[in-house]
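Just so it is clear: chains get the letters A, B, ... in the order the sequence lines come, proteins before strands, and each one is counted from 1.
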Protein chains: 2
Amino acid sequence: MGSAGGDPATLPAVLLFRRPDGAVSATLSERFVVLDFRASGEPLPAFLAAAAAEPDPPRAAIVVGGGSVVVDASFLDAVPSLRCVVSTGAGVDHIDLAECARRGVAVANSGEVYSADVADYAVGLLLDVLRQVSAAGRYVRRGAWPVQGDYPLGSKLGGKRVGIIGLGNIGSRIAKRLEAFGCVIHYNSRNPKDSVSYKFFPNVQSLAAESDVLVVACALTKATQRIVNKDVLEALGKGGVIINIGRGANIDEAELVMALKEGKIAGAGLDVFEHEPKTQSELFSMDNVVLSPHVAVFTEESRSDLRVHTIGNLEAFFSGQPLVSPMHADSLVQ
Amino acid sequence: MGSAGGDPATLPAVLLFRRPDGAVSATLSERFVVLDFRASGEPLPAFLAAAAAEPDPPRAAIVVGGGSVVVDASFLDAVPSLRCVVSTGAGVDHIDLAECARRGVAVANSGEVYSADVADYAVGLLLDVLRQVSAAGRYVRRGAWPVQGDYPLGSKLGGKRVGIIGLGNIGSRIAKRLEAFGCVIHYNSRNPKDSVSYKFFPNVQSLAAESDVLVVACALTKATQRIVNKDVLEALGKGGVIINIGRGANIDEAELVMALKEGKIAGAGLDVFEHEPKTQSELFSMDNVVLSPHVAVFTEESRSDLRVHTIGNLEAFFSGQPLVSPMHADSLVQ
């Protein structure tokens, strides 16, 4: 197990940019000297400068996915000893992959740790929007059922054409689940995949035009920022539903809110937002919208898997082995 | 098409015990003389007596599933001409099948019209309970996310042992869907099924003891009334979740509420209740319970399929053909 255990003086230093999590912290401090940004209470530049000035400066950092700390040129300049960045998220939009590659800094993400949970959640959001689970639940809880009678009809999942944007670890798991419900799977990605028989669409607008449901399951990159824009929403049309378990910025949120307000699409299930934890409060009154606080990755089980996975990446790095889940600038899903 | 269209004088009479539904009513009155109980405004005995006194008394009746009208000996005595009862529901607990059989009255139910929708909804409820979709949605809608931070971790669906009570049209579709999520399927029914490789349990208590989730997908009969009782809830245990898309009376509701209040099981997703549309208001404050107003069968698509199916059963009966979806006293799912 290479660097595990032993004399604290010989343990390698690791930068930690992550909320405290009892189990992870305990496991980390058995194996590494943990330099904890949040615990330090210092501003980022001072914290990085102090870390760089250590006798054995940190060669690895753990950063939280979608966090406020961005690993860019100035971050890397501040700690030139850094050679490995491990993200606890699937998305690495907070890491400048090209800059890391240029400097020989290896990057790992959470690999497939979250993929099943996120795919499950996407299906849960879609079932909720179509079958009105949350809205009908609110109807029961406010005592309306005995007074107002039957709840309006929902819409059947089976037979729906589901267009998935990004057929990677998550998107392909969503497809597999929805096939069991009798959905027809379409997809858009940078290139067609030989391994699947789903219909490929070279752009998102044409995908939307031939889909009843659009699921955003791609990474956030410059190319996928606002990939769902006004034209895509229009192509999806009045009966269409949007599910987003990618990143808020994958959708033009102002246009989405407008389309929902004006009935230009039928509904939405959103786990992610452009300015989390802020959401568009105009959506709160809409029963055809399911809102969710970025929890698609959050289960007890995935949290535990993540601990094992994060430590695995760090130990691989410190023992000179290939990372468990390396990320390259060209490996992003879309 | 036997009896379809033509001179109203030659159309057969049909009793209708169902809420008005524009499309169904129009289709029915093209083909039959419809004697509509609700439209008559009369009490049931007077309505039945008047129908029986018609020159061409009705030989068929359409009854609503789970409705307030019960087809029992006294009902059948009142209209002795009756030879066919078509239920618009999957469950036929409101029809005395043995009494019908004794008198040679054929009974049809909704067959597989609803099966996919109900199976979808069961999965939706389960995802909602485990991943807290509705509860997390309420958290967002009351503005708590920016103030209180991350929502608590959910529980992963993959790997869960799901015990299905009743592996019929609906139960087997639930199993197929949950296999795609990586669940392990167990089941209880009157007899093991040769067609599946899932593990069979001869009684519900032993099924509960080896399951993380119990799904009630059986018909309501004397044998399945309160099939989920206190002992079953105890066998399911603290981490266990109950989903009910069968009938409210399949569960001892008072014991269920108690188990939820005392944390003896982990959560529940309930589409049906013992005294609908009344529900146990003690459940309203529980975030680990998903409540739903008996809508698992309700989609635009299934409503349309039901029209075709109901007319099909009636036309089969009047033209002397076998019913499309005949029910026998021994054909109930459990």
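The salt bridge (Lys or Arg N to Asp or Glu O under 4.0 Å) test applied to A:E112 returns A:R173, not counting sequence neighbours. Residues passing the side-chain contact (heavy atoms from CB on, under 4.5 Å) test with B:A144, sequence neighbours excluded: B:Y139, B:R142, B:Q148.
For B:E300, the parts lying near chain A are the backbone and the side chain together; criterion is any non-hydrogen pair under 4.5 Å. Residue contact with chain A, scored on non-hydrogen atoms closer than 4.5 Å, involves the side chain of B:F273 exclusively. When heavy atoms are compared at a cutoff of 4.5 Å, B:T279 approaches chain A solely by way of its side chain, counted from C-beta outward.
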Throw together a table of side-chain donor-acceptor distances under 3.5 angstrom for residues 118-126 of chain B, partners on residues two or more places apart or in other chains.
from: B:D120; atom 1: OD1; to: B:R177; atom 2: NE; distance (Å): 2.6
from: B:D120; atom 1: OD1; to: B:R177; atom 2: NH2; distance (Å): 3.2
from: B:Y121; atom 1: OH; to: B:S292; atom 2: OG; distance (Å): 2.7

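A heavy-atom distance below 4.5 Å is not found between the side chains of A:R303 and A:Y114. In this structure the side chain of A:T88 never reaches within 4.5 angstrom of the side chain of A:S110, judged on heavy atoms.
In this structure, A:R161 pairs ionically with A:D212, as a charged nitrogen and a carboxylate oxygen lie closer than 4.0 Å. Ion pairing between a basic and an acidic side chain is recognised when a charged N comes within 4.0 Å of a carboxylate O; A:K199 and A:E210 show such pairing.
Looking only at atom types and distance, the side chain of B:K193 has no donor-acceptor partner in the side chain of B:S172 under 3.5 Å away.
Your options are A:L127, A:V297, A:L153, and the one with the most heavy-atom pairs under 4.5 Å with chain B is A:L153. Contact tally against chain B (heavy-atom pairs below 4.5 Å) for A:P152, A:G158, A:P146, A:P277: the top residue is A:P277. In terms of heavy-atom pairs under 4.5 angstrom with chain B, the leader among A:A296, A:G154, A:S134, A:P293 is A:P293. Contact count against chain A (heavy-atom pairs under 4.5 Å) is highest for B:E276 among B:E276, B:H294, B:Q132.
Ring geometry for B:F37 against B:F17 counts as tilted: the plane angle lies between 30° and 60°, on a 0 to 90° scale.
Contacts between residues 280-291 of chain A and chain B, defined by a heavy-atom separation under 4.5 Å, are made by A:L283, A:F284, A:S285, A:M286, A:V289, A:V290, A:L291.
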